[in-house]
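Structure record follows, encoded as structure tokens.
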Amino acid sequence: SVIVLNAMTELFDSLSEDEIEMIRLRYMKGLTLSEVASRYSISERTVRNHTNPTVKQVKEIIARATETMNG
């Protein structure tokens, strides 16, 4: 839906290029946390801190949209 698309666009516009790349590697390429961390020479915890809030927001956006459609 348009609402989901707009929310996702806003969300990803607020991220740095590195954060977008971390999410891409982790969730689209299927790299493990440690693989992403070593690629950036940072800790797994740092990777989580950069990716988890975004993934959580994505899930919330989808959940809200689903509720609206099933409303």
Side-chain angles (χ1 to χ4, degrees):
S1 84
V2 175
I3 297 165
V4 171
L5 201 59
N6 288 347
M8 293 287 196
T9 302
E10 273 180 37
L11 177 58
F12 280 90
D13 281 350
S14 74
L15 301 175
S16 71
E17 282 180 31
D18 280 346
E19 286 170 328
I20 291 170
E21 183 64 9
M22 283 179 202
I23 289 165
R24 198 178 69 79
L25 292 171
R26 182 94 175 86
Y27 294 95
M28 292 164 80
K29 295 283 186 197
L31 269 62
T32 65
L33 214 49
S34 64
E35 285 171 332
V36 176
S38 67
R39 186 169 288 206
Y40 282 90
S41 304
I42 56 178
S43 71
E44 291 183 24
R45 184 178 178 183
T46 306
V47 174
R48 268 202 305 273
N49 290 346
H50 282 291
T51 58
N52 280 7
T54 304
V55 173
K56 188 168 177 262
Q57 280 179 278
V58 167
K59 287 177 181 168
E60 283 168 10
I61 290 166
I62 293 167
R64 274 204 304 274
T66 306
E67 280 171 23
T68 308
M69 289 187 317
N70 298 336

Testing the basics here: between [X] and [Y], what is the closest heavy-atom pair and its distance to 0.1 Å?
{"X": "Y27", "Y": "V55", "value": "CE1-CG2, 3.5 Å"}
{"X": "R26", "Y": "L33", "value": "NE-CD1, 3.2 Å"}
{"X": "S34", "Y": "E44", "value": "CB-OE2, 3.0 Å"}
{"X": "L11", "Y": "S14", "value": "O-OG, 2.6 Å"}
{"X": "A65", "Y": "V4", "value": "CB-CG2, 3.1 Å"}
{"X": "T9", "Y": "L5", "value": "OG1-O, 2.7 Å"}

Yes or no on side chain to side chain contact (heavy atoms under 4.5 Å, CB included) for L25 and Y40, after CA distance, side-chain angles and deciding distance?
CA-CA 11 Å; L25 292 171; Y40 282 90; 4.0 Å; yes

Run the numbers on I23 and L15 for side chain to side chain contact (heavy atoms under 4.5 Å, CB included), then give the verdict.
CA-CA 10 Å; I23 289 165; L15 301 175; 4.0 Å; yes

Checking R64 against E67 for the salt bridge (charged side-chain N to carboxylate O under 4.0 Å, His left out) test, could you report, in this order, the C-alpha distance in whole Å, the side-chain angles of both residues, the deciding distance, and whether it holds?
CA-CA 5 Å; R64 274 204 304 274; E67 280 171 23; over 6 Å; no

What's the verdict on salt bridge (charged side-chain N to carboxylate O under 4.0 Å, His left out) for E60 and K56, showing C-alpha distance, side-chain angles and the deciding distance?
CA-CA 6 Å; E60 283 168 10; K56 188 168 177 262; 3.5 Å; yes

Between atom CD of E17 and atom CZ of R24, what is the distance when rounded to the nearest 0.5 Å?
12.0 Å

Rounded to the nearest 0.5 Å, how far apart are CZ of R48 and CE of M22?
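R48 CZ to M22 CE: 13.0 Å, rounded to 0.5 Å.
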
Under the side chain to side chain contact (heavy atoms under 4.5 Å, CB included) rule, what do E19 and T54 come out as? Steps first, then yes or no, please.
CA-CA 9 Å; E19 286 170 328; T54 304; 5.9 Å; no

Side chain to side chain contact (heavy atoms under 4.5 Å, CB included) between E10 and I61, worked out
CA-CA 11 Å; E10 273 180 37; I61 290 166; over 6 Å; no

